[in-house]
Colleague: 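Quick one: structure below, then a few questions.
Being a predicted model, the structure only gives us computed values, none of them experimental. In what follows, every heavy atom counts, from backbone to side chain, and hydrogens, waters and symmetry copies are set aside.
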Amino acid sequence: MSHQSELAIEADGLVKTFGDNRAVDGVSLAIPRGTVYGVLGPNGAGKTTTIRMLATLLRPNGGFAKVGGFDVATEADKVRSVMTLAGQFASVDEDLTGTENLVLLARLYGFSRKGSKDRSAQLLEAFGLTAAADRQVKNYSGGMRRRIDIAASLVVVPEIVFLDEPTTGLDPRSRNQVWDIVRALVSDGATVLLTTQYLEEADQLARRIAVIDTGKVLAEGTPGELKASVGTGVLHIRLAQQEQRVTAEHLLTSRLGVVVEPSSDPFQVAARISDPLLANRGISELHEANIELVSFSMGQPTLDEVFLALTGKDTEHSTAQSEASS
Amino acid sequence: MTTTQAAATAEDGIEEISHDRLLAALSAGAAPKRPGAIANSFTYGWRSLLKIKHVPEQLFDVTAFPILFTLLFTFLFGGALAGSPTEYLQFLLPGILVQTTVFITMYTGLTLATDIDKGMFDRFRSLPIWQPSPLVGAMLGDVVRFALACAMVLIVGVILGFRPPGAVQGVLAGVVLILIFCFAVAWIWILIGLTVRSPNSVMALSMIVLFPLTFASNTFVDPATMPSWLQAFVNINPITYLVSAVRAFCNGEFATYDVTVVLIISVALVAIFGPLSMIRYRRR
Ligand SMILES: Nc1ncnc2c1ncn2[C@@H]1O[C@H](COP(=O)(O)OP(=O)(O)O)[C@@H](O)[C@H]1O
Ligand SMILES: [Mg+2]
């Protein structure tokens with residue numbers, strides 16, 4: 001009965017402690033079938049620990065979770081038959097070739113000798129790895145390595161796919177390839193739980209996002225809802241000189257009475273303004289004060305700002321992220 | 001931005017991902033009929049054999065030393081210890097055979113710790129398979145590894161002039177006894193590999209145990225020549241019983257007492273360390 005549930009994954013108050021460290025501290029999730037769900041948080045937030053509990057690799061100290069309608073604590077074997085995982089952990093064997101790794105997994109799933117060779121060749125081709133099929137995985141580049149990891153987790157494509165930081169450390173081109181894979185998975189009907197440190201990634205791929213830090217869910221919703229919870233509109237200003245940022249922020253708060261959001265980018269000022277006329281006035285004030293602007297735009301707050309507003313602290317990656325997107 | 005992208009393209013120069021092929025591969029991903037425990041274990045055994053193929057050093061590492069010892073002891077001390085190098089070789093080689101294979105059991109724990117460290121076991125443990133199969137399969141592969149090591153030492157021995165009176169049957173019986181004992185000892189390293197987890201610590205720990213065990217035995221000289229405290233240790237060392245039993249087999253004799261002791265120890269090791277390993281493995 002619960003098998004027919006609309007939810008692919010549900011977690012209620014999951015807790016995992018390592019000694020005194022509450023790595024996961026009451027995480028609840030409700031993930032609808034057939035969607036990408038993003039779990040967004042900085043390093044050490046508890047993302048991996050959460051996935052390890054959902055994937056039956058760790059036993060929760062508290063709370064409960066169902067994956068594909070099965071209880072992770074009491075129906076671990078059934079959970080294992082409806083999900084697969086790839087990413088930061090759950091690796092492939094570096095001493096073996098790409099083909100050997102996939103054939104090994106195919107044999108474990110019960111493919112025949114020939115069936116597993118065929119399946120392996122098909123996956124290697126689909127993931128652009130045919131040329132590297134007979135090379136040991138330890139000789140793969142970073143992007144190829146990540147794709148063979150994901151291919152290995154899709155020898156059998158179950159209902160639910162966990163991807164733990166599948167793009168961390170990848171160059172933009174390899175990252176786009178992983179995004180294509182995620183989109184293809186969802187169009188094939190799978191439910192994907194994806195963790196990431198990149199706000200842009202969650203925004204690009206996920207239908208809903210949970211922002212987590214220190215083991216707790218800080219906010220949950222669609223990317224749009226999260227942005228709205230921080231403020232309806234934001235005026236983004238890019239300065240020519242970062243030394244002028246303090247003056248610019250001061251000017252906007254004192255003359256217009258608006259709230260300036262913290263920003264991890266030293267050239268960026270983000271003021272909460274939804275009225276275009278007020279924004280216009282702000283730009284003129286800055287102009288009169290001889291503050292040189294590179295660009296400005298009105299829009300929704302970025303997920304960077306959402307995260308800063310929610311956690312009140314900077315993430316290592318938000319700087320790199322705004323650099324990359326500029 | 002543009003430059004990094006160009007660099008990345010030049011760097012790995014691999015095929016683009018085709019969306020259609022991707023979709024085709026994903027929709028062909030239905031699970032076949034689930035295989036049984038034995039099939040899963042044999043698949044993992046196959047993996048161990050593949051690792052021997054790709055990393056043959058793991059065989060040479062551990063056989064190089066014993067072969068060196070064989071050469072060194074045979075020609076350096078053979079004359080003094082047994083009258084002639086060839087005569088000493090008849091005494092030494094069964095012991096070297098034991099020492100080599102027992103040393104190789106250490107790799108069972110090392111491989112396991114490396115697999116856990118690298119995340120292989122996270123993958124294995126998340127699969128819908130008979131859960132102990134990775135461990136059982138690794139053991140199956142290891143027995144093949146032990147047998148290969150025995151073969152290498154025997155070949156070197158025969159080249160040097162090892163001519164056992166027990167002939168092929170005697171030597172084979174000895175090898176089988178060694179395989180049984182090593183299969184049992186390997187469970188100790190499995191438990192240690194599951195518990196310690198860092199490959200280097202597993203290696204260090206195994207060395208600390210294996211060096212005294214294999215050297216403070218009757219492998220190189222008759223214990224009667226040793227000081228009494230050492231004799232006491234040598235006489236309770238399981239390796240001593242195994243060496244005596246194998247030596248007897250090679251001489252065409254059957255050392256009932258030694259063989260019995262070795263079998264009892266082997267059964268006891270599996271009975272203790274097998275279940276402990278399984279408990280440790282299942283705990284999550
Ligand atoms: N096996 C473990 N033993 C002890 N502490 C751990 C273990 N795994 C994770 N932790 C701790 O739990 C916290 C959350 O880690 P993790 O789930 O890996 O975070 P994330 O994946 O979001 O980076 C961190 O403080 C980490 O140090
Ligand atoms: Mg992590």
Colleague: So for A/S112, is it side chain, backbone, both, or neither that comes closer than 4.5 Å to the heavy atoms of chain B?
Modeller: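 Contact with chain B: none, neither part.
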
Colleague: What do you reckon, is CD1 of B/I38 surrounded by more than 12 foreign heavy atoms closer than 6.0 Å?
Modeller: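 No, not enclosed.
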
Colleague: Among B/R21, B/H19, B/K33, which has the most heavy-atom pairs under 4.5 Å with chain A?
Modeller: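 Option with the top pair count is B/R21.
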
Colleague: Could you measure the distance from the CG atom of B/D122 to the OG1 atom of A/T48? Nearest 0.5 Å is fine.
Modeller: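 B/D122 CG to A/T48 OG1: 10.0 Å, rounded to 0.5 Å.
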
Colleague: For the pair A/T84 and B/S126, evaluate side-chain contact (heavy atoms from CB on, under 4.5 Å) and give the outcome as yes or no after the intermediate values.
Modeller: CA-CA 7 Å; A/T84 186; B/S126 71; 5.9 Å; no

Colleague: Can we say A/D93 and B/K118 salt-bridge, meaning some charged N sits less than 4.0 Å from an Asp/Glu carboxylate O?
Modeller: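 Salt bridge flag = no for B/K118 with A/D93.
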
Colleague: For chain A, which residues from residues 129-153 of chain B lie under 4.5 Å away (heavy-atom distances)?
Modeller: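 Against chain A, the residues of residues 129-153 of chain B that fall inside the cut-off (heavy atoms, under 4.5 Å) are B/I129, B/Q131.
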
Colleague: Relative to chain B, which segment of A/A152 carries a heavy atom at a distance below 4.5 Å: side chain, backbone, both, or neither?
Modeller: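 Both backbone and side chain of A/A152 come within 4.5 Å of chain B.
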
Colleague: Taking every heavy-atom pair that is under 4.5 Å apart, which of B/T43, B/T114, B/D20 has the most such pairs with chain A?
Modeller: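 Greatest number of close heavy-atom pairs with chain A: B/T43.
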
Colleague: Could you give me the CA-CA distance, side-chain angles and deciding distance for B/R123 and A/D149, then say whether side-chain contact (heavy atoms from CB on, under 4.5 Å) is met?
Modeller: CA-CA 10 Å; B/R123 165 100 59 211; A/D149 271 333; 4.0 Å; yes

Colleague: Hey, is the main chain of A/L57 close enough, under 3.5 Å, to the side chain of B/R125 for a donor-acceptor pair?
Modeller: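 Pair found, side chain donor or acceptor close to backbone of A/L57.
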
Colleague: B/D115, B/L22, B/L23: which one forms the most heavy-atom pairs within less than 4.5 Å of chain A?
Modeller: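 That would be B/L22.
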
Colleague: For the atom pair NE2 (B/H54) and OG1 (A/T97), what is the distance rounded to the nearest 0.5 Å?
Modeller: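 Rounded to the nearest 0.5 Å, the NE2-OG1 separation comes out at 5.5 Å.
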
Colleague: About how many Å separate OG of B/S27 and CG of A/D188, when rounded to the nearest 0.5 Å?
Modeller: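 Rounded to the nearest 0.5 Å, the CG-OG separation comes to 5.5 Å.
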
Colleague: Could you tell me which portion of A/L96 (side chain, backbone, both or neither) has an atom closer than 4.5 angstrom to a non-hydrogen atom of chain B?
Modeller: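 Contact with chain B: backbone and side chain both.
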
Colleague: Answer yes or no: is there a donor N or O on one side and an acceptor on the other, between the side chain of A/R107 and the main chain of B/W46, under 3.5 Å?
Modeller: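 Flag not set: sc A/R107 to bb B/W46 has no pair under 3.5 Å.
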
Colleague: Looking at every heavy atom in both A/G110 and B/P32, which two are closest together, and how far apart are they?
Modeller: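 Minimum heavy-atom separation between A/G110 and B/P32: C-CG, 3.6 Å.
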
Colleague: Of the backbone (N, CA, C, O) and the side chain (C-beta and beyond), which part of B/A39 lies under 4.5 Å from a heavy atom of chain A, both, or neither?
Modeller: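 Answer is neither: B/A39 stays 4.5 Å or more from chain A.
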
Colleague: Does B/P128 reach the side chain of A/V156, with side-chain heavy atoms less than 4.5 Å apart?
Modeller: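 B/P128 vs A/V156: side chains apart.
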
Colleague: I need the residue from B/A31, B/S18, B/A25 with the largest number of non-hydrogen atom pairs under 4.5 Å to chain A.
Modeller: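 With the most close heavy-atom pairs to chain A, the winner is B/A25.
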
Colleague: About how many Å separate OG of B/S41 and CG of A/L108, when rounded to the nearest 0.5 Å?
Modeller: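 Spacing of CG (A/L108) from OG (B/S41) equals 9.5 Å.
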
Colleague: Could you state the interatomic distance from CG (A/L105) to CG (B/L127), rounded to the nearest 0.5 Å?
Modeller: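 If we round to the nearest 0.5 Å, A/L105:CG and B/L127:CG are 6.0 Å apart.
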
Colleague: So does B/R47 pair up with A/D95, basic N to acidic O under 4.0 Å?
Modeller: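 A/D95 and B/R47: not salt-bridged.
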
Colleague: Does any heavy atom of chain B fall under 4.5 Å from the side chain of A/R119, the backbone, both, or neither of them?
Modeller: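 Contact with chain B: side chain only.
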
Colleague: Rounded at 0.5 Å granularity, tell me how far CZ in B/R34 sits from OH in A/Y109.
Modeller: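 So the gap between those two atoms works out to 10.0 Å.
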
Colleague: If you measure from the Lys or Arg side-chain nitrogens to the Asp or Glu carboxylate oxygens, is any gap between B/K53 and A/E100 under 4.0 Å?
Modeller: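 A salt bridge is present here (some side-chain N lies under 4.0 Å from a carboxylate O).
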
